[in-house]
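This is the structure I have questions about; it appears just below.
Since the structure is predicted, the reported quantities are computational estimates derived from the model, not experimental observations. When a residue number appears, it is its place in the shown sequence, counting from 1.
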Amino acid sequence: MSLSLAYPRVTTVGDFVALLKPRVMSLVIFTGLAGMVAAPGQVHPLTAFTALLCIAVAAGASGCLNMAYDSDIDRLMSRTATRPIPMGYVDRADALGFGWSLSIAAVATMWLFVGILPAVLLAFTIFVYVGVYTLWLKRRTPQNIVIGGLSGALPPAIGWAAVTGELTLAPVLLVAIIFMWTPPHFWALSLWRSGDYAAAGVPMLPVVKGKAHTRLQILLYTLALVPLGLSPAFIGLGGVLYLVSSAALGLWFLKEAVAVYFEKNENKEPAARRLFGVSLLYLAVLFAALIVEKLAGIPGLSLAS
């Protein structure tokens with residue numbers, strides 16, 4: 001008898017960390033930080049740290065709950081079959097308790113130590129991701145990513161509200177950029193993972209409407225995203241660095257979206273894989289530019305004036 005059979009694997013701290021989707025969490029922290037840094041005014045470093053910690057914990061809790069509620073379909077997809085719950089490393093009930101405990105703690109801490117508005121926005125992100133996207137839309141409509149994407153788009157507004165206690169056009173534009181970025185980003189992934197989604201019965205766009213329709217939607221959303229990505233420079237939020245970065249990366253994003261639209265190799269989907277990578281770079285560079293400009297004291301352009 002092998003040692004692995006004689007002694008069942010013990011659940012580790014790493015298994016619970018994996019439930020938090022650390023890679024997704026890092027992106028959420030980054031965009032939340034950008035909203036915080038770009039906001040006018042000052043915030044105490046401890047308050048800023050607390051706000052970012054709450055955003056991170058809430059994002060991780062949402063990911064944990066998503067894995068718990070979707071553990072049945074995760075077992076059926078190669079991309080997710082090695083997650084802790086399908087592998088039997090963490091019990092589903094334990095994951096649910098862990099996720100909901102972290103959710104409540106994150107919102108309560110944000111409310112007590114940062115402010116009511118960021119706490120309400122944080123609670124709303126959890127509700128959208130878990131309640132609207134995971135439990136309602138994901139298994140019912142190919143628009144699951146579009147509507148559910150609002151959850152991942154809100155961190156800049158939460159960061160902004162943590163500093164100012166209010167929302168203005170600027171954070172709304174940052175939210176809109178991420179909201180419009182989400183469909184082409186995830187639909188690019190779904191093009192080469194469509195077999196997985198079909199096997200699990202998840203109605204992603206390529207499964208329900210076909211790859212040709214998905215390619216068209218990716219292109220249309222990208223055409224809307226690129227000018228939207230420039231908009232912070234028109235209201236004084238972004239400066240020269242932001243404008244140049246947004247324009248250059250936007251054109252690259254559009255070039256790859258056009259390549260996806262004309263893709264011929266539907267088995268390996270090389271264009272979709274490239275677009276997925278470019279989309280990650282696009283969002284990271286745009287928000288990094290905002291952070292760098294603010295910290296360097298580079299003024300916004302306000303091109304609309």
>> Is there a side-chain contact between Tyr242 and Ser245 in this structure, where contact means two heavy atoms from C-beta onward sitting under 4.5 Å apart?
In response: no
> Can you list the steps and then say if Ile218 with Tyr261 is a side chain to side chain contact (heavy atoms under 4.5 Å, CB included)?
Replying inline: CA-CA 8 Å; Ile218 287 174; Tyr261 181 74; over 6 Å; no
> Between the side chain of Ser26 and the main-chain N/O of Arg23, is any donor-acceptor distance below 3.5 Å?
Replying inline: yes
> Is the closest side-chain heavy-atom distance between Thr125 and Ile158 below 4.5 Å?
Replying inline: yes
>> Assess whether a salt bridge exists between Asp72 and Arg139, defined as any Lys/Arg side-chain N lying under 4.0 Å from an Asp/Glu carboxylate O.
In response: yes
> Are more than 12 heavy atoms from other residues, nucleotides or ligands located less than 6.0 Å from atom CZ of Phe30?
Replying inline: yes
>> Main chain of Gly131, side chain of Thr134: is a donor-acceptor contact present, judged purely on distance under 3.5 Å?
In response: no
> Under 4.5 Å between any side-chain heavy atoms of Leu52 and Phe49, yes or no?
Replying inline: no
>> If you take the centroid of each ring, where Trp contributes its six-membered ring, are Trp181 and Phe253 closer together than 6.0 Å?
In response: no
> Heavy atoms, side chains only, cut-off 4.5 Å: are Leu283 and Leu27 in contact?
Replying inline: yes
> Is a side-chain donor-acceptor pair under 3.5 Å present for Thr12 with Asp15?
Replying inline: yes
> Run the side chain to side chain contact (heavy atoms under 4.5 Å, CB included) check on Ser151 and Tyr133 step by step: do they pass?
Replying inline: CA-CA 9 Å; Ser151 176; Tyr133 170 68; over 6 Å; no
>> So Val128 and Ile147, do their side chains get closer than 4.5 Å, heavy atoms only?
In response: no
> Can you tell if the side chain of Cys64 reaches within under 4.5 Å of the side chain of Leu102, non-hydrogen atoms only?
Replying inline: no
> Does Thr141 use its side chain to pair, donor to acceptor, with the backbone of Leu137 at less than 3.5 Å?
Replying inline: no
>> Leu174 vs Leu290, test: side chain to side chain contact (heavy atoms under 4.5 Å, CB included). Steps then yes/no.
In response: CA-CA 10 Å; Leu174 297 181; Leu290 286 176; 3.6 Å; yes
>> So that I can tick it off, tell me whether Arg83 and Asp74 are bridged by a salt bridge, with the cut-off set at under 4.0 angstrom between side-chain N and carboxylate O.
In response: yes
> Going by an N to O cut-off under 4.0 Å, is there a salt bridge joining Glu263 and Arg274?
Replying inline: no
> Between atom CD1 of Ile178 and atom CG of Leu150, what is the distance when rounded to the nearest 0.5 Å?
Replying inline: 10.5 Å
>> Using side chain to side chain contact (heavy atoms under 4.5 Å, CB included), reason through Asn66 and Lys138 one step at a time and then give a plain yes or no.
In response: CA-CA 10 Å; Asn66 171 265; Lys138 185 172 181 178; 4.3 Å; yes
>> I'd like to check Leu122 versus Leu154 (side-chain heavy atoms, cut-off strictly below 4.5 Å). Are they in contact?
In response: no
>> Between Trp192 and Phe276, is the ring pair (Phe, Tyr, Trp, His ring centres under 6.0 Å) condition met? List the steps.
In response: CA-CA 11 Å; Trp192 84 80; Phe276 184 78; 5.6 Å; yes
> Do Arg215 and Leu219 have side chains that get closer than 4.5 Å, going by heavy atoms?
Replying inline: no
